Amino acid sequence: MQPYTLTIAESLDHLQKKELTSKDLVESCLQRINKTETKLHSFISVFEEKAMRRAEEEDNKRQQGQSGSLSGIPISIKDLLCAKDTATTCGSKMLENFISPYNATVVEKLENEGAVIIGKVAMDEFAMGSTSETCAFGVPDNPWKEGYITGGSSGGSASSVAGGQCLASLGSDTGGSVRQPASLCGVVGLKPTYGRVSRYGLVAFASSLDQVGPLTRDVRDCALMMNCIAGYDEKDSTSVKIDKGDFRQSLEAGVKGLKIGVPREYFGEGLNEDVEKIVRNGVAILEDAGAEVMDVSMPHTEYCVAAYYLIAPAEASSNLARYDGVVYGYRDGTADSLMDMYKQTRSQGFGDEVKRRILIGTYALSSGYYDAYYKKASQVRTIILNDYKKVFEQCDAIISPVAPTAAWKRGESADDPLALYLSDIFSLSANLAGVPGLSVPGGFTADGLPVGIQLQGPHFREDILLKLAYNIEKSTNLANVLPEIQQ
Amino acid sequence: MVLRQIRRQRYMMNFETVIGLEIHAQLKTRTKIFCGCALSFGDPPNSHTCPVCLGMPGVLPVLNKKVVEYAIKMGLATNSQINRFNQFARKNYFYPDLPKGYQTSQFDLPIVEHGSVEIDVDGSKKTIGITRMHMEEDAGKLIHDEREPLSYVDLNRTGTPLLEIVSEPDLRSPQEAYAYLKKIHAILRYLDICDGNMQEGSFRCDANISLRPVGQEEFGIRTELKNMNSFRNVQNALEYEVRRQRDLLLDGETIIQETLLWNPDSNRTESMRGKEDAHDYRYFPCPDLVPVEIDEAWIDAIRKTLPELPDERKNRFIEEYNLPEYDAVILTGSRELADYFETAARLCANAKKVSNWIMTELLRELKGEDISGCKVAPEQLGELIAMVEKGTISGKIAKTVFIDMMATGKDPAVIVKEKNLVQVSDEGELQAMVEEIVAANPDQAEQFRQGKTKVMGFFVGQLMKKTKGKANPKMANELFVRTLTE
């Protein structure tokens, strides 16, 4: 048994029984990184020495009976979460040399529970993208098939977990950025309810949509991670004071009597056949387990792409204004006027996709266009939220694909940003409405690529999603299945 | 030429000035509006900063509740509507003193709207509307190197809470603008929510000003005046701008809508070149802050903490101290001056005398300085006036004693004793001198007896000369009359 192949829950069990040390576990992951990283490119930075030191600390603490709930567990974090005194690049040349002077709340929480942060992982630049190909420091590769995308923007999180380089990862999800790479890499990914997890220290893309979420090898680990990171934070005014309970609690309490809606708008044109088959199979699993399946309608789903691609860029255009070369980050030193310094710094520091979205967002907020774009999109957002409210009067959760297809070849979507935006259609609504969404592995396409099933529930009802996912996972037997990586 | 002057004179009477003021008051909270950094003035650059106010990637603002409380206070003190639901918005623009690339402010849903204050100009009262007040964060400061083309950024001031107070265009003259500014200043100071220092920039004012022919509904084209960092400058700049616009209009030219900077050295307004391009601030609701919701209980609790405000105090001064309204307006114009008056008045029976002393001697000797730096404590002034009342010293002597007090801060009794200024009120002592003077001036004595009472001045003058001004003037008069008519 290689320690890196264990889930968090299994590792904790072995650690508890002294069959394993954190040092062994962390070392095993570091070795795995050394072996696979030339292929996977999951990491932007790896904290080898510090991770080993932390592992030793945790081993000592455990001996003194003082270990936390994630003691000694090697975890990667997306490179837009600030960890004190480490580089936080956001996958951008703009922040290549930016060292964060403080810890994100979720990082603090992980460390308080004894987790060992093993490194920071690749992502689309400033989390803008669905393939992780816009990362300025190497593009992660899908562990299931060489040359295929991981999905994005939390692609490095997904590949590091699926590739056995760490046991879990924290990503962020603004329009599907946790769920879609989880689906494409065959791991569990959860976007919690907006306000469930603190955003303090998560470098903002679109503040009203961003949410930190875990990527794990199975559903139980997802619950464990949520137990650690969820909760109100006085540093984030948008986090919500609500009891979080123990997310593991409901896992094994069957699904009998739960009403599961199948929104017909998620099964239309453009949905890959294999993907549809896998999702339908998930529906059947839940039905067999005693859930009541019903056809429901979310009539405004088709407008989510347009609404999202106005609201998110609008917020981004403002959030990314701070990268101006003045206080930190990249600065073009050759400019000889303030205006040129701004222009050159931002032209050179940002990649094309980021610039594209800043332009869209600036336009959407401009005087004379605000009402037609930003304001209209905000109204559509309310309508989409109402779709959810109505549907959750009829059922407890909805089931659907995460994305229309499995992973595709790198480079294929490079020239068609619009097609790429459209591929987010099934994942954007949850962010617009603020509801939780989870991707659980459902099966493989004929090409051997993993496909996830999406579950969405009412605000703060992650427990329902975890319970449903747990049942699907039990039935498909896909918990903690790791790919062979050809050396 | 002559014709033009005549035409000008004819029209001069017929323009109406329209002014609106935008005031930025720095709120006197302990910490900044969105982080825990202390407010400071004059400390080393960037010594009061943290990741939040530096706009580091990933940080989030948390609203300082005190700022909301202070805004509510100001709203209640100006008969305004407090918006139970209000919201922060981002004002987006690039400038090196603005580390986030946007200012967190309020836009379409401000905390306060529809208020008013009363002003008093030349004895007539007028109500000035307040359009809105909103909370926002201040920016940092740029320091430009004088020798090299380099600029430094000091972000200590970044995140200092501001209350922006926007008036209706109700002001019709620079005098009214001055009175309104003073009134807002006084209210802020009474509430103790702003230290009101215009030189240090904790109380700033911009003005919008336009002229229109009397009777015309529509406003003329306005200019915006900035950089007026004293009350006097505000009035001077507005007066200058009235003349400038009027001259242009009379010459048939149009006013350019622009921002002008007041130059206090040349006493002119100057065009602010290079910043003329119209800004599109792309306001939108700030997604990092939840809307501010204010409940009735909180408003009631704040209402209970409101101190006596300038208008209330003015009315009380008229009633309680029997002061003319003119005196009461001036004395209550600043909280410190009103406090000074009341402390001094408590020590002597004659409040009107205290008021006279403050409004003439004290304000003159202060030469525009703040009362807080005055060397004469109100108790000392009260004591001085009481000494006059009791006849210990004469009013005339008191004025010289007061000048000494202003210079040294000594108690009046000490100065009177040191300089031996106690009034001579000993009848026997004075009578002897009176008889001596009458005897030495038989001609004037005769004139008095024949009805030329004017010569009394001569006799009293002689006595004052003999006593070095210390003779009790009332007694001196009586003794001369008695001696001369005996």
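Please read all numbers here as calculations on a predicted model, not as lab measurements. In the text below, chain A, chain B and the rest are named by the order of the sequence lines, each starting its count at 1.
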Novice: Which heavy atom in B/Arg90 sits nearest to a heavy atom in A/Glu315, and how many Å separate them?
Specialist: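 Taking every non-hydrogen atom into account, NH1-O, 4.3 Å.
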
Novice: Counting only non-hydrogen atoms closer than 4.5 Å, does A/Ser100 touch chain B with its backbone (N, CA, C, O), its side chain (CB onward), both, or neither?
Specialist: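 Neither the backbone nor the side chain of A/Ser100 comes within 4.5 Å of chain B.
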
Novice: Please look at B/Pro51 and chain A and tell me whether the side chain, the backbone, both or neither of the residue comes under 4.5 angstrom of a heavy atom of that chain.
Specialist: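 Answer is side chain: those atoms of B/Pro51 sit under 4.5 Å from chain A.
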
Novice: Pick one of side chain, backbone, both or neither for B/Pro61, based on which atoms fall under 4.5 Å of a heavy atom in chain A.
Specialist: backbone

Novice: Grab the two heavy atoms, one from B/Asp288 and one from A/Ser207, that are nearest each other, plus how far apart they are.
Specialist: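 Smallest heavy-atom distance, with atoms named: OD1-CB, 3.1 Å.
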
Novice: Given 3.5 Å as the limit, does a donor-acceptor pair link the side chain of A/Tyr102 with the main chain of B/Val59, or not?
Specialist: yes

Novice: Please rank A/Ser208, A/Gly329, A/Cys90, A/Gly201 by heavy-atom pairs under 4.5 Å with chain B and give me the top one.
Specialist: A/Gly201

Novice: If you count heavy atoms of other groups shown closer than 6.0 angstrom to OH of A/Tyr373, is the number above 12?
Specialist: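 No, not enclosed.
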
Novice: Begin from the C-alpha positions of B/Asp280 and A/Tyr370 and carry the test side chain to side chain contact (heavy atoms under 4.5 Å, CB included) through to its verdict.
Specialist: CA-CA 11 Å; B/Asp280 181 354; A/Tyr370 181 90; over 6 Å; no

Novice: Would you name the heavy atoms of A/Val203 and B/Pro57 that are closest together and state the gap between them?
Specialist: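 Answer, listing the atom of A/Val203 first, then B/Pro57: CG2-CB, 3.7 Å.
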
Novice: Please check if the number of heavy atoms outside A/Lys376 that lie under 6.0 Å from its NZ is greater than 12.
Specialist: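 12 or below, so no.
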
Novice: Which pair of heavy atoms, one from A/Ala314 and one from B/Phe284, lies closest together, and at what distance?
Specialist: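 Answer, listing the atom of A/Ala314 first, then B/Phe284: O-CZ, 4.3 Å.
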
Novice: Given that the side chain runs from C-beta out, which part of A/Asp236 has a heavy atom under 4.5 Å from chain B: side chain, backbone, both or neither?
Specialist: both

Novice: Does any heavy atom of chain B fall under 4.5 Å from the side chain of A/Asp336, the backbone, both, or neither of them?
Specialist: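 The answer is neither part of A/Asp336.
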
Novice: Side chain from CB out, backbone as N, CA, C, O: work out which of these in A/Tyr369 comes under 4.5 Å of a heavy atom of chain B, or both, or neither.
Specialist: neither

Novice: Flag the one option from A/Asn319, A/Thr88, A/Leu80, A/Val327 with the top tally of heavy-atom pairs under 4.5 Å to chain B.
Specialist: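 Of A/Asn319, A/Thr88, A/Leu80, A/Val327, A/Asn319 has the most heavy-atom pairs under 4.5 Å with chain B.
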
Novice: Of all the heavy-atom pairs spanning A/Arg199 and B/Pro287, show the shortest one and how long it is.
Specialist: NH2-O, 4.0 Å

Novice: A/Lys375, A/Glu234, A/Arg346: which one forms the most heavy-atom pairs within less than 4.5 Å of chain B?
Specialist: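 Most heavy-atom pairs within the cutoff with chain B belong to A/Arg346.
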
Novice: Which distance, rounded to the nearest 0.5 Å, do you find between the CG of B/Leu60 and the OG1 of A/Thr238?
Specialist: 6.5 Å

Novice: Under 4.5 Å heavy-atom distance to chain A, tell me which part of B/Tyr93 shows up: side chain, backbone, both or neither.
Specialist: neither

Novice: For A/Tyr194, is it the side chain, the backbone, both or neither that has a heavy atom under 4.5 Å from a heavy atom of chain B?
Specialist: side chain

Novice: Let me know if A/Leu320 has heavy atoms under 4.5 Å from chain B in its side chain, its backbone, both or neither.
Specialist: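 Neither part; nothing is under 4.5 Å.
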
Novice: Rounded to the nearest 0.5 Å, what separates atom CE in A/Met341 from atom CZ in B/Phe94?
Specialist: 10.5 Å

Novice: Once you round to the nearest 0.5 Å, how far does CE of B/Met56 lie from SG of A/Cys82?
Specialist: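 Between atom CE of B/Met56 and atom SG of A/Cys82 there are 9.5 Å.
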
Novice: Has B/Ile221 got more than 12 heavy atoms of other residues, nucleotides or ligands less than 6.0 Å from its CD1?
Specialist: yes

Novice: If the condition is salt bridge (Lys or Arg N to Asp or Glu O under 4.0 Å), which residues does B/Glu218 pass it with, not counting sequence neighbours?
Specialist: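 Testing B/Glu218 for salt bridge (Lys or Arg N to Asp or Glu O under 4.0 Å), a comparison that skips the adjacent residues, returns none.
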
Novice: Are the side chains of B/Pro285 and A/Tyr374 in contact, using a 4.5 Å heavy-atom criterion?
Specialist: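 SC-SC contact between A/Tyr374 and B/Pro285 confirmed.
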
Novice: For A/Leu338, which atoms come within 4.5 Å of any heavy atom of chain B: side chain, backbone, both, or neither?
Specialist: side chain

Novice: Where does B/Asn92 contact chain A at under 4.5 Å (heavy atoms): side chain, backbone, both or neither?
Specialist: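 Answer is side chain: those atoms of B/Asn92 sit under 4.5 Å from chain A.
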
Novice: Which atoms form the tightest heavy-atom contact between B/Pro99 and A/Arg322, and what is the distance?
Specialist: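 Of all heavy-atom pairs spanning B/Pro99 and A/Arg322, the closest is O-CB, 3.4 Å.
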
